[in-house]
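Just so it is clear: chains get the letters A, B, ... in the order the sequence lines come, proteins before strands, and each one is counted from 1.
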2 protein chains.
Amino acid sequence: MSHSVYGRLMSVDRTQVLHAAAALLTRKATATMDEVARAAGIGRATLHRHFAGRDALVRALEELGLQEMEGALDRAGLDDGPEDEALRRLVAEVEHVAPLLSFLVTENQLFEGDQQHVGWARLDARVSALFRSGQESGVFRIDLTPAWLTEAFYGLVGSGAWAVQDGRVAAKDFQYMIAELLLGGARRSVEK
Amino acid sequence: MSHSVYGRLMSVDRTQVLHAAAALLTRKATATMDEVARAAGIGRATLHRHFAGRDALVRALEELGLQEMEGALDRAGLDDGPEDEALRRLVAEVEHVAPLLSFLVTENQLFEGDQQHVGWARLDARVSALFRSGQESGVFRIDLTPAWLTEAFYGLVGSGAWAVQDGRVAAKDFQYMIAELLLGGARRSVEK
DNA sequence: ACCGAATGAGACATCAATGTCTCATTCAAT
DNA sequence: ATTGAATGAGACATTGATGTCTCATTCGGT
């Protein structure tokens with residue numbers, strides 16, 4: 001009785017399917033369920049067996065995205081050491097979640113009604129807290145609000161993922177490019 | 001015979017409709033034609049009279065986006081003065097095109113086949129050239145590729161537009177937030 | 001080698017969005 | 001005030017995606 005981790009026999013990797021779906025939907029949100037299935041390397045019927053419909057799929061993406069982001073935040077250890085180094089660790093941890101994060105940030109069809117999802121508020125708060133902490137300790141400049149820095153972080157991660165996926169940036173440079181731009185900007189420092 | 005600028009009677013402002021459509025589609029790419037019409041403040045029938053279908057609408061968005069971006073690039077005068085100041089001017093010029101640009105960057109359903117649209121290649125080249133020029137003149141750092149800086153520029157403009165539209169950043173801070181982050185980054189400079 | 005679960009492919013009905021049309025109304029120009 | 005173009009609302013047929021089902025096949029566990 002070596003069922004698998006969750007009691008069911010495992011054939012299609014739910015997580016892998018969701019990551020593939022996110023990668024596709026980020027750049028083609030109108031993609032068909034059939035296209036999503038193909039992109040994940042499975043049949044449409046199988047996709048339907050795992051996710052009742054498009055809504056269910058999107059909600060699963062949301063759930064996984066939140067979960068993986070929380071994990072990344074945990075592993076980054078944002079409370080340890082200087083905030084700029086913490087940010088570098090966060091960028092590193094976030095790399096493989098990037099397409100998923102990108103989809104969730106972009107597609108706000110999630111927010112039914114007009115209130116933000118609770119889980120997202122938590123994430124925002126954690127990232128935002130890092131920037132605020134950095135400002136208080138004098139590591140980050142104070143003329144850019146934590147809210148904006150958080151938003152910019154999301155945006156750059158998304159851009160980075162896209163640039164890599166599209167071949168405009170080497171995958172190995174992902175972390176460096178994002179962290180360096182976010183921390184130091186494009187201008188050449190007068191003093192390092 | 002005071003027809004209007006283009007010979008037809010003008011009732012719905014084509015440009016205004018497209019901007020509204022872009023603003024909506026950026027955050028809800030699966031929006032219905034009816035939703036788009038409502039968002040633009042017109043009826044579905046009228047929307048159909050101006051744009052044959054969804055494809056035509058998207059292609060019109062593309063065309064307008066390219067046109068307005070080219071205009072912004074022209075007005076920014078990228079060849080005059082230091083590149084960092086040119087970049088600031090570009091950010092300023094790009095502000096009102098932001099939602100449109102954001103939609104076009106995000107939705108790559110445009111690129112039929114696998115080749116990039118010619119117009120976009122031109123835009124990319126112009127923005128990229130600015131960063132390259134800045135690197136050569138010593139204004140910008142050389143460890144971040146022009147391609148990445150270009151991508152980051154798009155991403156930050158999109159994030160900025162989103163943050164403003166969502167009320168997380170004041171509209172009046174749009175230019176400052178983007179230009180400052182892009183040029184100087186989040187880290188507090190040791191020396192200014 | 002056997003068995004059962006899960007899959008892929010395809011058929012099919014359903015449903016929502018789309019595209020087209022009509023008609024009454026509004027509005028700008030005269 | 002009159003005219004004609006353009007609009008909004010609604011009806012309608014069409015199309016394409018969706019959701020469900022069946023059946024043959026594959027594959028992992030025993």
Side-chain angles (χ1 to χ4, degrees), chain A residues 1-64 103 107-110 112, chain B residues 1-64 103 107-110 112:
Chain A
M1 55 167 75
S2 78
H3 270 179
S4 78
V5 195
Y6 295 111
R8 298 180 193 145
L9 276 177
M10 171 203 280
S11 318
V12 302
D13 180 356
R14 186 183 166 90
T15 296
Q16 178 271 330
V17 169
L18 287 175
H19 275 273
L24 172 61
L25 291 176
T26 305
R27 290 299 151 179
K28 189 173 180 180
T30 59
T32 291
M33 289 294 276
D34 189 78
E35 292 178 283
V36 173
R38 302 297 168 179
I42 64 179
R44 194 169 70 96
T46 303
L47 180 62
H48 262 284
R49 285 189 192 100
H50 287 268
F51 308 98
R54 196 190 199 73
D55 290 341
L57 175 64
V58 172
R59 232 168 282 142
L61 283 171
E62 178 185 39
E63 195 178 352
L64 179 63
F103 170 73
E107 289 303 309
N108 273 56
Q109 58 190 208
L110 302 171
E112 33 219 275
Chain B
M1 57 167 76
S2 77
H3 270 179
S4 78
V5 195
Y6 294 113
R8 298 181 193 144
L9 277 176
M10 170 203 281
S11 318
V12 302
D13 180 357
R14 185 184 167 89
T15 296
Q16 178 270 331
V17 170
L18 287 175
H19 276 273
L24 172 60
L25 291 176
T26 305
R27 291 300 152 179
K28 190 173 178 179
T30 59
T32 290
M33 289 293 276
D34 188 79
E35 292 178 282
V36 173
R38 302 297 168 180
I42 64 178
R44 193 170 70 96
T46 304
L47 181 62
H48 261 284
R49 285 189 193 99
H50 287 268
F51 308 98
R54 196 189 199 74
D55 290 342
L57 176 64
V58 171
R59 231 169 282 143
L61 283 171
E62 178 185 39
E63 194 177 353
L64 180 64
F103 171 73
E107 290 303 309
N108 273 57
Q109 58 190 208
L110 302 171
E112 31 219 277

Legend entry - Partner set under side chain to side chain contact (heavy atoms under 4.5 Å, CB included) for A:T32, not counting sequence neighbours: A:D34, A:E35
Inset, instruction - For A:H48, enumerate each residue passing the side-chain hydrogen bond (donor to acceptor under 3.5 Å, both in side chains) test, keeping only those at least two apart in sequence or located in another chain. - result: none
Inset, instruction - Rounding to 10 degrees, work out the angle separating the end axes of the helix from C:dA1-D:dT30 to C:dT30-D:dA1 (five pairs an end). - result: 50°
Legend entry - Reading 5' to 3' through nucleotides 14-27 of chain C, protein heavy-atom contacts under 4.0 Å coded B for base, S for sugar-phosphate only, - for none: ---SBBB-B-----
Inset, instruction - Considering non-hydrogen atoms only, spot the tightest contact between A:A40 and A:A20 and give its length. - result: CA-CB, 3.8 Å
Inset, instruction - Kindly give the heavy-atom pair with the smallest separation between A:A22 and A:F103, and that separation in Å. - result: O-CB, 4.2 Å
Inset, instruction - Identify the two heavy atoms, one from A:A21 and one from A:L61, that lie closest to each other, and give their separation to 0.1 Å. - result: CB-CD2, 4.5 Å
Inset, instruction - Round to the nearest Å and state the distance from A:I42 atom CD1 to D:dT25 atom P. - result: 21 Å
Inset, instruction - Could you pull out all residues at least two apart from B:R49 that satisfy side chain to side chain contact (heavy atoms under 4.5 Å, CB included)? - result: B:A45, B:T46
Inset, instruction - Report the residues that fulfil side chain to side chain contact (heavy atoms under 4.5 Å, CB included) with A:A39, sequence neighbours left out, ordered by chain and then residue number. - result: A:L24
Legend entry - A:L47 versus A:M33, closest heavy-atom pair with distance: CD2-O, 3.3 Å
